[in-house]
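Notes follow the structure.
Lettering follows sequence order; numbering is per chain, from 1.
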Protein chains: 2
Amino acid sequence: MAVPGRAGGRDTASQILDVAERLVQTRGFNAFSYGDVAAEVGVTKPALHYHFAGKAELGEALVARYAARFQAALEHIDATTDAAAKKLAAYADLYQQVLMEDRMCLCGMLAADYDTLPDTMRHAVVTFFDRNETWLAGVLEQGIREGTLRASGPSREIAQMVIGTLEGAMLVARTYHDSARFVTTAKCLLAELARGPGS
Amino acid sequence: MAVPGRAGGRDTASQILDVAERLVQTRGFNAFSYGDVAAEVGVTKPALHYHFAGKAELGEALVARYAARFQAALEHIDATTDAAAKKLAAYADLYQQVLMEDRMCLCGMLAADYDTLPDTMRHAVVTFFDRNETWLAGVLEQGIREGTLRASGPSREIAQMVIGTLEGAMLVARTYHDSARFVTTAKCLLAELARGPGS
DNA sequence: GTCTATAACGAGATAGAC
DNA sequence: GTCTATCTCGTTATAGAC
């Protein structure tokens with residue numbers, strides 16, 4: 001339950017979000033339609049427009065829900081894990097769980113679609129990355145204090161690299177249908193950040 | 001001229017490829033149309049169909065040209081650079097040049113669109129990554145022999161991480177309209193791989 | 001090699017009944 | 001809250017003239 005709320009689907013709005021989320025994560029924002037979602041949920045297109053006025057509004061709701069769920073997962077890590085290195089591993093595991101459902105990170109996918117997104121969605125995607133960066137920078141600083149992690153530069157910059165590496169590893173691994181490829185990169189990354197004899 | 005051939009545009013086919021390439025790199029494969037390309041090149045849609053039967057064929061030609069150009073750039077690096085660490089820096093610089101034109105790597109973008117691509121394009125994208133991985137692994141092994149690079153694991157796995165990191169850093173940096181963000185991550189990555197007191 | 005014209009389809013969206 | 005029916009537009013693609 002690192003990513004709670006996905007199993008849900010009692011009401012139509014949740015079902016719409018569930019289906020649309022999967023379609024965006026696998027096909028991208030410009031390769032899914034109201035028709036696709038409606039058919040899969042078992043309603044008609046106007047029913048979708050009742051719940052989400054347009055594709056922009058649906059997209060905004062998608063990012064908002066995903067970001068909230070991710071934020072909750074980060075808080076869950078903070079609440080249940082002490083060591084910074086373990087927090088980092090748990091963070092990478094969040095990505096891995098997404099990939100093992102054959103999905104790209106929602107915001108990673110939307111980053112690819114960025115130039116075609118409505119403004120509100122753009123801002124929401126950037127905010128998602130900002131929050132991840134802030135959380136990661138905190139974990140890195142904790143690890144440096146503990147002496148369990150090392151940073152060869154400012155913690156925010158290392159945090160940016162971690163996000164980029166995990167998003168990129170997901171992106172590429174999906175073309176190989178090989179989640180092991182992601183796991184390998186995540187392990188390399190964690191090994192690099194673990195306190196070796198560096199700085 | 002690390003990426004030769006882009007300036008070209010004598011014949012219509014080249015112009016079509018140039019425009020389509022930029023549109024795919026900025027908007028994705030599912031967010032550009034024959035109409036967009038035709039309008040920009042200054043011809044009509046049937047003229048495009050004359051040169052490239054359909055979107056699939058255009059996409060294949062796009063990846064083939066991009067991959068060939070990239071391959072040529074790698075050979076250029078090999079021919080003009082000795083030290084492995086400098087080759088690695090030159091490799092990261094190839095990505096940076098693409099990003100500074102406000103573009104995503106063509107194959108990174110197509111990786112996001114992967115689930116919606118025709119089969120021939122899928123294979124071409126994977127082959128692109130494979131060739132990059134092979135070249136990078138060779139450079140890493142050279143660096144280990146020289147004692148200028150270190151690898152905390154098998155060179156092919158490190159090569160995979162390098163590709164993932166650079167693709168992901170590009171992907172995210174584009175949402176910030178901030179190529180400096182990519183440069184920072186690339187520097188961190190090169191610093192990690194440079195021979196510190198590690199293995 | 002490029003055009004006009006058009007076919008055939010799917011997209012996002014709305015009106016209005018129930 | 002969901003439906004039928006419809007509108008308008010953009011999409012890929014083809015036929016056939018020049």
Hey, does [X] reach any base, or is it just sugar-phosphate, or nothing, if we go heavy atoms under 4.0 Å?
X	answer
A:K45	base
B:S33	sugar-phosphate
B:F52	nothing

(request) Using the heavy-atom set of chain B and a strict 4.0 Å cut-off, write down the first and last nucleotide of DNA chain C that makes it in, 5' to 3'. (result) C:dG1 to C:dA5

May I have the distance from [X] (atom [atom1]) to [N] (atom [atom2]), rounded to whole angstrom?
X	N	atom1	atom2	value
A:H49	D:dT4	NE2	C1'	14 Å
B:Y34	D:dC9	OH	P	25 Å
B:L58	D:dT11	CG	P	14 Å

(request) Could you list the residues that satisfy side chain to side chain donor-acceptor pair (under 3.5 Å) with B:D102, not counting sequence neighbours? (result) none

(message) In terms of relative ring orientation, are A:Y66 and A:F128 parallel, tilted or perpendicular, with 30° and 60° separating the classes?
(response) tilted

(message) Please tell me whether B:D93 and B:Q97 have a donor and an acceptor in their side chains that are separated by less than 3.5 angstrom.
(response) yes

(request) Quick one: pull up NZ in B:K87 and CH2 in B:W135 and give me the separation to the nearest 0.5 Å. (result) 7.0 Å

(request) Work out which heavy atom in A:V24 is nearest to a heavy atom in A:M109; give both atom names and the distance. (result) O-CG, 3.2 Å

(request) Hey, which sits more toward the 5' end of DNA chain C by its nearest nucleotide, A:P46 or A:D36? (result) A:D36

(request) Could you tell me whether B:E141 and B:R156 have a side-chain N and a carboxylate O separated by less than 4.0 Å? (result) no

